[in-house]
Asks: 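Please see the structure below; I have some questions.
Side-chain atoms are counted along with the backbone in the values below, which use heavy atoms only and exclude waters and symmetry mates. Just so we're clear, the structure is a prediction, and the values are computed from it rather than from any experiment.
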Amino acid sequence: MTLAHKITTLTVTIGLGLSPMWQTVAADDAPIAIAIHGGAGTITRDNMSPEREAQFEAALTHATEVGYKILQAGGSSLDAAIAAVQSMERDALFNAGVGAVYTFDGGHELDASIMRGDTLDAGAVAGVRTIESPIQLARDVMERSRHVMLSGEGAAEFARELGYAEVDNDHFNSEHRYQQLQEALERLQQSSTTGDQIALVDWDPAFNMGTVGAVALDRDGNLVAATSTGGMTAKQYGRIGDSPIIGAGTWADNQSCAVSATGHGEYFIRYHVAADICARVKYQGQSIEEAGDAVIHDVLVAAGGTGGVIIIDAQGNIHMPFNTEGMYRASQSSSSPLDVKIYRDEE
């Protein structure tokens, strides 16, 4: 509960002649908000069939409503963000959970992270192969371990100790991701040297994107950010992107904002994108619009990085900037109805 909410409830209580102990819940008129993303990249009406567009809109709508209903019922931003992300982890449209992209070796390695804005507690998992909901395991790392990030077999061992039922790695298979892998491998084979493979001129940005995420604000004024991904198509050597990196792909601080990112992770790591945006809000007094636009449209573009973010501040304001042709995104708040968008020209 924020100080303002405590003062409000205390004043009402005293006016009614009741003990302050009677009033411990947040004000019903406190703002609530949620925003989600399902990946950014080359997304245009020309390469999207009406049927597929309708599928994405339905999936984004469902994920947003699942989270928002929790907030409406007085639930926590933590529960709301987790629920929204899990909805997308279960949907093969997105690069997270079922539908995760394939690694170079033809498997799946998933990453996720979560951060609370009130305590700055955080949890993350990287390179997990048998966990159905990586974002739930990230939460358990935050709440039930003494660490912030666990990876690979260590994360799986922790999950087993908690009683998780593991799944086979092929649980995450999908035909369209498999075809994406074949295209990526063909482009890699056309490169003559390792150096060429690191910086392919004709590398499709879609191979680097598709992460899902949610940011939420509850009636107690607490912000949360959550992010989950299958990573980059044809990634090698146990590559880890920005999604499980606190400060790069995920950040939340009640004194500034909550951010979840999607894009070419290497750039989001180098420029600590999520934390940079919130630092500009906290220390420079910028709005989330000013901070988000500066980082996504100026800093990243100048560096050659592509992608976008979703941002919520402590007042429930929402901003979702991206520097690609489209970003799957949706939001809902106590001051704005459900809004689902895909393309740049919808801004």
Side-chain angles (χ1 to χ4, degrees), residues 36-39 63 66-67 70 75-92 94-103 107-117 119-173 210-216 224-232 235 238-252 258 260-262 265 274:
I36 69 169
H37 68 75
V66 164
I70 292 173
S76 70
S77 51
L78 182 63
D79 288 339
I82 291 284
V85 168
Q86 285 183 319
S87 174
M88 292 183 282
E89 285 181 335
R90 292 189 292 266
D91 196 319
F94 304 105
N95 175 22
V98 176
V101 298
Y102 286 78
T103 66
H108 307 278
E109 296 175 357
L110 288 70
D111 310 324
S113 65
I114 183 95
M115 185 171 184
R116 297 178 55 137
T119 62
L120 302 189
D121 287 342
V125 293
V128 296
R129 298 175 55 85
T130 60
I131 304 303
E132 187 172 13
S133 177
I135 195 62
Q136 179 59 48
L137 186 57
R139 178 179 186 169
D140 281 329
V141 171
M142 176 177 70
E143 296 181 337
R144 305 176 70 179
S145 84
R146 57 192 176 92
H147 303 298
V148 170
M149 180 185 290
L150 300 179
S151 66
E153 179 54 32
E157 180 181 353
F158 175 67
R160 286 191 287 270
E161 290 178 356
L162 296 183
Y164 274 63
E166 295 181 84
V167 298
D168 292 334
N169 194 243
D170 61 13
H171 170 81
F172 307 108
N173 287 1
T211 297
V212 308
V215 290
V224 164
T227 312
S228 183
T229 190
M232 176 190 293
K235 61 184 179 182
R239 177 262 187 187
I240 296 170
D242 65 304
S243 296
I245 307 298
I246 303 302
T250 302
W251 185 262
S260 175
T262 176

Asks: Partners of Gln86 by side chain to side chain donor-acceptor pair (under 3.5 Å), sequence neighbours excluded?
Replies: Ser133
Asks: Minimum heavy-atom separation for Ala81 and Ala226, please, with both atom names.
Replies: CB-CB, 4.2 Å
Asks: Which atoms form the tightest heavy-atom contact between Ala84 and Ile36, and what is the distance?
Replies: CB-CG2, 4.0 Å
Asks: Between Met115 and Ile246, what is the shortest heavy-atom contact and its length?
Replies: SD-CG2, 3.7 Å
Asks: What heavy-atom pair brings Trp251 and Ala225 nearest, and what distance separates the two atoms?
Replies: O-CB, 3.4 Å
Asks: List in chain and number order the residues that pass salt bridge (charged side-chain N to carboxylate O under 4.0 Å, His left out) with Asp79, two or more places apart in sequence or in another chain; answer none if no residue qualifies.
Replies: Arg139
Asks: Taking the six-membered ring for Trp, are Phe172 and His108 parallel (under 30°), tilted (30 to 60°) or perpendicular (over 60°)?
Replies: perpendicular
Asks: Rounded to the nearest 0.5 Å, how far does CD1 of Ile135 lie from CD1 of Ile82?
Replies: 4.5 Å
Asks: Return yes if some donor-acceptor pair links the side-chain N/O of Asn95 with the main-chain N/O of Val212 below 3.5 Å, else return no.
Replies: no
Asks: In a table with atom names and distances, give each donor-acceptor pair under 3.5 Å that connects a side chain of residues 119-130 to protein atoms at least two apart or in another chain.
Replies:
from: Thr119; atom 1: OG1; to: Asp121; atom 2: N; distance (Å): 3.1
from: Thr119; atom 1: OG1; to: Asp121; atom 2: OD2; distance (Å): 3.1
from: Thr130; atom 1: OG1; to: Glu166; atom 2: OE1; distance (Å): 2.5

Asks: Heavy atoms only: give me the nearest Phe158-Asp140 pair and the separation to one decimal.
Replies: CZ-O, 3.7 Å
Asks: Taking all non-hydrogen atoms of both residues into account, name the closest pair between Leu137 and Ala159 and its distance.
Replies: CD1-CB, 3.9 Å
Asks: Does a side-chain heavy-atom distance below 4.5 Å link Ile245 with Met149?
Replies: yes
Asks: Quick check: does any side chain N or O of Lys235 sit under 3.5 Å from a backbone N or O of Gly241, one acting as donor and the other as acceptor?
Replies: no
Asks: Sequence neighbours excluded, which residues qualify as salt bridge (charged side-chain N to carboxylate O under 4.0 Å, His left out) partners of Glu157?
Replies: none
Asks: Say you draw a straight line from CZ of Phe94 to OG1 of Thr229; how long is it, rounded to the nearest 0.5 Å?
Replies: 12.5 Å
Asks: Answer yes or no: is there a side-chain heavy-atom contact under 4.5 Å between Leu78 and Met142?
Replies: yes
Asks: Apply side chain to side chain donor-acceptor pair (under 3.5 Å) to Ser77 and list each qualifying residue two or more places apart in sequence or on a separate chain.
Replies: Asp218
Asks: Please name the residue in the list Ser228, Pro244, Pro134, Ser243 that meets the side chain to side chain contact (heavy atoms under 4.5 Å, CB included) test with Leu110.
Replies: Pro134
Asks: Main chain of Thr211, side chain of His37: is a donor-acceptor contact present, judged purely on distance under 3.5 Å?
Replies: yes
Asks: Mind checking the CD-OG spacing from Glu161 to Ser145? Nearest 0.5 Å is all I need.
Replies: 10.5 Å
Asks: Can you tell me how far CD1 of Ile131 sits from CD of Glu89, rounded to the nearest 0.5 angstrom?
Replies: 11.0 Å
Asks: With sequence neighbours excluded, tell me which residues meet side chain to side chain donor-acceptor pair (under 3.5 Å) with Thr250.
Replies: Ser113, Thr227
